[in-house]
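Report on one structure; see the data block that follows.
Residue numbers start from 1 in every chain, and the chains themselves are labelled A, B, ... in the order their sequence lines are given, proteins ahead of strands.
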Amino acid sequence: MVDSARDRAPAARQPARGESLAVRVVLIGIALAFVSLMLVLPLLSVFTEALRKGWDVYVAAIREPDAHSAIRLTLLVAAIAVPINVVTGVAGAWVIARFEFPGRNLLVSLIDLPFSVSPVITGLVYVLLFGAQGVFGTWLAYNDVQIIFAVPGIVLATIFVTFPFVCREILPIMQAQGSADEEAALTLGAGPWWMFFTITLPNIRWGLLYGVLLCNARAMGEFGAVSVVSGRIRGLTTTMPLHIEILYNEYNSVAAFAVASLLALLALLTLLAKALLEWRYADELAATRPL
Amino acid sequence: MTAFCTKRLLDQALAVLALMFCFAVVAGVARAQQDVELLNVSYDPTRELYREVNAAFIADWKARSGQTAAIRLSHGGSGAQARTVIDGLAADVVTLALAGDIDAIAQRSGKIPLNWQTRLPFNSAPYTSTIVLLVRKGNPKGIKDWGDLAKPGVGVVTPNPKTSGGARWNYLAAWAWGQKAFGGDDTKVRDFIAAIFRNVIVLDTGARGSTTTFAQRNIGDALIAWENEAFLVLEEFGADKFEIVTPSLSILAEPPVTLVDGNVERKRTRAVAQAYLEFLYTPAAQALIAKHFYRPRFQQHARAEDLARFKALELVTVDGAFGGWAKAQPQHFGDGGTFDQLYKPAR
């Protein structure tokens, strides 16, 4: 296994034949210029704006109680939404990849629904369902349960928006690998959970990891749907993206960019974790990644 | 061997990262408790005002009752805020831009009695304000009064009357000036309003959004704004960049406050919520109101230099010129109202 991976590597790294040096330089130059203009420059400007008035102002902006609670709420929402989406995403992908049943294609399309529906509509749908004038509004008010304009509503909206990430990442891997390994495990007497943890999970783990990271990044950064169901109560139902907007609207752009830089740092940390994991398990990755 | 060590180190680093995440989440679940908590759902420009008023009230309430109060704030376009309260945002008090928005909450949610406006002095409005024009320094387009906003080539910024309370005051102020200028000729007034809205470049959802568009993003020649918002721009961005143009005639804006009875009953916060609203009429709060560029009801409590900033101008009232919000709201801002008829985005 390891040997074959090593044999493949040099062949893949060889430059494409036929293009002259000039063409390559120009193409690479365009790509680099585009990436730095569209990605690196905005990212840098977030940090320079945040630090414009010095380190002390930056720290003060982040230590402010409302900013603190926004950070906590963002992490809490991600900590609830991501695990739920991992479980449902794996279950969904497994059902779709392994079984034929009526409505299977419909289910595949439904999983993509959160990608195609505008987040604002997502938020409004939850208001229509759980708002005071909504379908369940009277029952919820009678039982003194607050879903919309409180943390549960924010979590629900986030789960909906980030649902496809995990499922979409692992579904192609499951389909490509087929069920031969799993059937072999079952034939050799493994129970369904034993099979899942020793065969299925190891096979999909890289796709699962990407899915989790993407899901997490979006869960922490979601603005539209959360903004509709949040009610914008300062220090209570404002996540980091909402808090950034509030600060900007209060002419407090240094504080706004300070919190924005923190959000960007969280995203970079996610990427870093991914890169570290890839590097740590490079050999396994080469062996298991489907081609 | 070294590869093995770095790998162990990496594993540990990843474990620490995961642990930190868990701690942050746990810390988020455990939060400090207060004796009593109020939620004030307000309109856009009052952020700075209520931040100071809240601190003063919390100290006052602590001295009077011994309770530690915490007051949460939510800000947005007045109409949009009313909508979220109707949809179930658990506001103890609403402090909105105009009576029509609180009427909407009363009618649609039943959480506020219909006679709410009689419950506190001065139509339940502890302060007034008006609508002025903000232009760039030196007034390059020579904007002196409402009539100049309708001229071709003037870029106007105002929020959307459908979602913003301030925008509805803006609209009615322009309408009132038109009625006087054209001697009550309705067709000419309508043409005049249509001409102003043809000049509108950006129609934000709230007053603060419009201010940001005009002052921070440098779009447009004139901003139709709350008087308090215009002064705030001078304070935030420097008086060397903008000028306030006080028109010859404007509207007396009375942003009202009231209890949301349905919510304070459920949350058992009626006493403190009532005290909070009454506090707005005290000398301490009236002085803060003037400090933040709103016109106080009791001028004797405000500092003289704060009062000196307010220019005298002819002010009409919604009740006098438009027959009250109950009539003006559907006639001008309801579905198919004059705004729908006259606003046709040109570009």
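Note on A/Ala141, A/Gly137, A/Ala132: by heavy-atom pairs under 4.5 Å with chain B, the leading option is A/Ala132. By number of non-hydrogen pairs under 4.5 angstrom with chain B, the leading residue of A/Gly134, A/Ser230, A/Gly231 is A/Gly231.
Counting heavy atoms from C-beta outward, A/Asn249 and A/Glu245 have side chains that approach closer than 4.5 Å.
The aromatic ring centroids of A/Phe130 and A/Trp139 lie 6.0 Å or more from each other. If you look at A/Phe257 and A/Phe47, their ring centroids are not closer than 6.0 Å.
Both the backbone and the side chain of A/Glu250 come within contact range of chain B, with heavy atoms under 4.5 Å apart. Heavy atoms of A/Ile246 lying under 4.5 Å from chain B belong to its backbone as well as its side chain. If you measure heavy-atom distances from B/Ile86 to chain A, the contacts under 4.5 Å come from both the backbone and the side chain. In this structure, no portion of B/Glu235 lies under 4.5 Å from any heavy atom of chain A.
In terms of modelled atom types and a separation under 3.5 Å, the side chain of A/Thr238 and the main chain of A/Arg234 share no donor-acceptor contact. Judged by distance alone, with hydrogens and angles left aside, the side-chain atoms of B/Ser42 form a donor-acceptor pair with the main-chain N or O of B/Thr95 at under 3.5 Å.
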